Amino acid sequence: MPAVSSDVLRIHHIAADTTAEGFGRRMCLWVQGCSIRCPGCMAKDTWDHNGGTEFSLKKLISILEKSAGRIEGITLLGGEPFDQAYPLFRFASAAKSRGLSVIVFSGYTLSQLCEDPRPGVQDLLAQADLLIDGPYMEEQRSFSRPWVGSDNQQYHFLSGRYTWEDLNRERNRVEVRLQPNGALRINGMADFPGLLEALLSQTGEKDRTP
């Protein structure tokens, strides 16, 4: 895995304002690079640590500032956020200083992350209000819960910002966005079988792994 600068993040893409990736309206970063590479993942284009686009931390914070007045938080997924833990910790810290919440998705489990010695892992965990953890397991595939794609994945409320009661009010959403080049991007989760695959067969693009 390439060394990661504390001032640079490798990003697959960004949604400055989405309602499909956590509580309320959120800025969402799909990071580039994944060391886990779950079988059946629908976002294999986020695996390559040398892919995507480099963004300076300063640039990402400027995007955040433009969105901050209309969002309640940020969501970090990918790819694997903890493969770029230290610069993401700095970005999450900037969000928290503006009163925003932080949701992080990871293919690692919370117990694995608590023992992970890589720079920034514990710092990023400390910024997270909600961690959604665990690898995608195709044999346990299910879209019955908000934002997750297999039954093994778990929600960890790491601060008092959100609760199970808040989660119980949530439902899955799918967003389809027209890109400047005419392509469609899809993000979010489908509640009923076959919808995501049907959309993918028409567009050929997918923004995140279940």
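Nothing here was measured: the structure is a model prediction, and the numbers come from that model.
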Show, in sequence, the C-alpha distance, side-chain angles and deciding distance for Leu64 and Leu100, and conclude whether the side chain to side chain contact (heavy atoms under 4.5 Å, CB included) test is met.
CA-CA 10 Å; Leu64 175 67; Leu100 302 174; 3.6 Å; yes
Might you work through the side chain to side chain donor-acceptor pair (under 3.5 Å) test for Ser67 and Asp17, ending with a clear yes or no?
CA-CA 7 Å; Ser67 299; Asp17 186 340; over 6 Å; no
Please evaluate residues Phe91 and Ile61 with respect to the criterion side chain to side chain contact (heavy atoms under 4.5 Å, CB included), reporting the C-alpha separation (whole Å), side-chain torsions for both, the decisive distance (0.1 Å), and the verdict.
CA-CA 7 Å; Phe91 180 68; Ile61 291 175; 4.2 Å; yes
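The pair Lys58-Asp7 does not count as a salt bridge, with every side-chain nitrogen at least 4.0 angstrom from each carboxylate oxygen. Ion pairing of Glu65 with Arg98 is present here, as a side-chain N (NZ or NE/NH1/NH2) and a carboxylate O approach within less than 4.0 Å.
For the pair Ser101 (side chain) and Glu72 (backbone), a donor-acceptor distance under 3.5 Å is present. Checking side-chain atoms of Glu21 against main-chain N and O of Thr19 turns up no donor-acceptor pair under 3.5 Å. Checking side-chain atoms of Asn152 against main-chain N and O of Gly134 turns up no donor-acceptor pair under 3.5 Å.
In the hydrophobic clustering of this structure, Trp47 does not group with Phe82; members are Ile, Leu, Val, Met, Phe, Trp, Tyr whose side-chain heavy atoms approach within less than 4.5 Å, directly or through other members. In the hydrophobic clustering of ILVMFWY residues, with side-chain heavy atoms under 4.5 Å counting as a link, Tyr108 and Leu110 come out together. Hydrophobic cluster membership is shared by Tyr86 and Ile11, with clusters built from Ile, Leu, Val, Met, Phe, Trp and Tyr side chains linked at under 4.5 angstrom. Under the 4.5 Å side-chain heavy-atom criterion for Ile, Leu, Val, Met, Phe, Trp and Tyr, Met137 and Tyr155 are members of distinct hydrophobic clusters.
For the residue pair Ile63 and Phe55, the shortest heavy atom distance occurs at CD1-CE2, 4.3 Å. Here the closest non-hydrogen pair linking Glu54 and Arg10 is OE2-NH2, 3.0 Å. Heavy atoms only, all atoms of each residue included: Asp45 and His12 are closest at OD2-NE2, 3.1 Å. When every heavy atom of Ile71 is checked against every heavy atom of Ala16, the shortest pair comes out as CG2-O, 4.0 Å. Of all non-hydrogen atoms in Ile74 and Ala92, the two that sit nearest each other are CD1-CA, 4.0 Å. The minimum heavy-atom distance linking Met27 with Leu29 is given by the pair CE-CD1, 3.5 Å.
Within a 6.0 Å radius of CD in Glu139, other residues, nucleotides and ligands contribute more than 12 heavy atoms.
The only option from Leu124, Val102, Asp83 that meets the side-chain contact (heavy atoms from CB on, under 4.5 Å) definition with Leu88 turns out to be Leu124.
Donor-acceptor pairing under 3.5 Å is lacking for the side chains of Arg26 and Thr18. Side-chain contact annotation: Ser150 with Glu138, donor-acceptor N/O pair under 3.5 Å absent. Under the 3.5 Å distance criterion, with hydrogens and angles disregarded, a donor-acceptor pair is assigned to the side chains of Thr109 and Gln112.
Ring geometry, Tyr162 versus Phe23: the interplanar angle falls under 30°, so the pair is classed parallel (tilted spans 30 to 60°). Ring orientation note: the planes of Trp164 and Phe157 are nearly perpendicular, at an angle over 60° on the 30°/60° scale.
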